[in-house]
Amino acid sequence: MSERFVRALERITRIGGVQGAMLVAADDGLIIADASMEGVRGNAVAALAASLAKRFTRVSKAATVGAPRFLHLQAEQGTLIVVAALGGVLVVTMGGADMNVGLARLEMLRVAEVVA
Amino acid sequence: MADDIDVMMAELARDATSLVFLDLGEALRRRGRLEAAVRVALTGLEQHPNLLDAHDLYARVLADVGDFKRAREVWSSILTRDPRHLGALKGLGFLFFWSGDLDSALDHLETALATDPTDQSVVQALMTVRAAAQEAPVSDADGPDPVFAGLDGAERGILLVDERGRILGGRLQSVVGADVSDRVAAYLAGAVREADRTARLLDLGAWQSIVAEGEGGNVHVSAPTPESLLLIVRDRGVPAGRLSMLAQRAAQAARCWLEEQQL
């Protein structure tokens, strides 16, 4: 099962600028499957992405637009994207500032479908 | 109770390595005998320096005597070794609640509940914190907004807050017209602190913007100045590029208004 997920994640990591992609449990921020490059601190990425998603879920719900299905943190030197899949699973992708966000998003949605 | 304490003290006197010090310390602090509780906790820590429950007992006593800073340090240290330690999660949850950081309080108490769904003290605490979050005062502002006047959606979909979540300008309305500005502002500062922490720890540099797309609309967050946060909400039909442009215009308006306030 995990191998199937990793293969799906590798479609994301082939996109230019992507440093890592993983499936993360939304409730505790633990990695379910990981396809990150060497040097990417997967555990930290997973935990922080899950925590960030939780925080912005509160903001979005308070704004009455519902829980976010797509979350995009843009920083000076990099990008973190979180897509919510079914079953409390998050698809998380981290990359450089040059990452093709649109393409990454498409592939992440495909992975979310595989998870479902 | 006093008899119990005597019995436990006797047992601890017989065997200094006994784990009864955990119950004894707790019994003493519940009776308000805090000096004795501190002694018991410290003695227990000497015997069992790696026992997290001993550190938890010490933190509870520290909180009882009003040393919240050290209590927080001890509980935080416990969580670095066991992120699901129930006592530390509860302790930090209470500390955050009393300091007014409802978002962090919810984080810790929700994790505590996931760790032990049967713990009634956590259930009660969560109800209290959630009620406090719901009871944020409702804004009674009316008329044109002084910060974003003239911008599309200024009266219902733009909010400017300071870094502590206090509203500076703008207003947010739900789809049925209810004012949700205070509720959103209460969560926003904590969420952005988390984004800042995430960007720093992952070596992404300073955060620039956050976009969250929900079923009922999209949220765009940016920081017009280091001391302010700007949140824009639009329905899902508004393209990301247009939302970003609107955010830039609103940020410019916010900077101008903030500068005027300082003159």
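Proteins come first, then strands; the chains are lettered A, B, ... in the order of their sequence lines, and each starts at number 1.
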**OP:** Name the member of B:G190, B:P83, B:G205, B:A206 that forms the most heavy-atom pairs with chain A at distances under 4.5 Å.
**Re:** B:A206

Subject >> Atom group of A:A67 that falls short of 4.5 Å from chain B, counting heavy atoms >> reply: backbone

**OP:** Could you look at B:V233 and say if it's the side chain, the backbone, both or neither that has a heavy atom under 4.5 Å from chain A?
**Re:** side chain

Original post:
Which atoms form the tightest heavy-atom contact between B:A191 and A:V59, and what is the distance?
Top reply: CB-CG2, 3.7 Å

Original post:
So, do A:Q74 and B:V211 sit near enough that their side-chain heavy atoms are less than 4.5 Å apart?
Top reply: no

**OP:** Give, for atom OH of B:Y187 and atom NZ of A:K61, the distance between the pair rounded to the nearest 0.5 Å.
**Re:** 10.0 Å

**OP:** Determine, stepwise, if the pair A:R58 / B:D107 fulfils side chain to side chain contact (heavy atoms under 4.5 Å, CB included).
**Re:** CA-CA 11 Å; A:R58 290 192 195 127; B:D107 261 357; 2.9 Å; yes

**OP:** Measure A:T79 against the heavy atoms of chain B and call it side chain, backbone, both or neither at under 4.5 Å.
**Re:** backbone

**OP:** Output the distance between atom CZ (B:R193) and atom CG (A:L52), rounded to the nearest 0.5 Å.
**Re:** 13.5 Å

Original post:
Shortest non-hydrogen contact from A:R55 to B:S104?
Top reply: NH2-OG, 3.4 Å

Original post:
Do B:E194 and A:S51 meet the criterion of a side-chain donor-acceptor pair at a distance under 3.5 Å?
Top reply: yes

Original post:
Are any of the side-chain heavy atoms of A:R105 and B:E213 separated by less than 4.5 Å?
Top reply: yes

**OP:** Find the distance between CG (A:L73) and CG (B:L204) and round it off to the nearest 0.5 Å.
**Re:** 6.5 Å

Subject >> Closest non-hydrogen atom pair, B:A199 against A:A75 >> reply: CB-CB, 4.3 Å

Original post:
Are A:R41 and B:D203 close enough that some pair of their side-chain heavy atoms sits under 4.5 Å apart?
Top reply: yes

Subject >> chain A neighbours within residues 113-126 of chain B, where any heavy atom lies under 4.5 Å away >> reply: none

Original post:
Does any heavy atom of chain A fall under 4.5 Å from the side chain of B:R236, the backbone, both, or neither of them?
Top reply: side chain

Original post:
Is B:R164 atom CZ crowded by more than 12 heavy atoms from other residues, nucleotides or ligands, each under 6.0 Å away?
Top reply: no

Subject >> Largest heavy-atom contact set with chain A, pairs under 4.5 Å, which of B:V221, B:L202, B:V184 >> reply: B:L202

**OP:** Kindly determine whether A:K54 and B:T111 satisfy side chain to side chain contact (heavy atoms under 4.5 Å, CB included), including the steps that lead there.
**Re:** CA-CA 11 Å; A:K54 192 186 288 185; B:T111 308; 4.1 Å; yes

Subject >> B:S222 portion near chain A, given a 4.5 angstrom heavy-atom threshold >> reply: neither

Subject >> Best-contacting candidate, B:R84, B:R197, B:E110, B:Q208, against chain A by heavy atom pairs under 4.5 angstrom >> reply: B:Q208

Subject >> Contacting region of B:L106 [heavy-atom separation from chain A under 4.5 Å] >> reply: both

Subject >> B:D235, B:V219, B:N218 screened by side chain to side chain contact (heavy atoms under 4.5 Å, CB included) with A:V65, the one that passes >> reply: B:V219

Subject >> Contact leader toward chain A among B:G214, B:A195, B:S209, B:A185, where contacts are heavy-atom pairs under 4.5 Å >> reply: B:S209

Original post:
Taking B:L201, B:V192, B:L159 one by one, which has the highest count of heavy-atom pairs under 4.5 Å against chain A?
Top reply: B:L201

Subject >> Separation of B:I210 CD1 from A:L80 CG (nearest 0.5 Å) >> reply: 10.5 Å

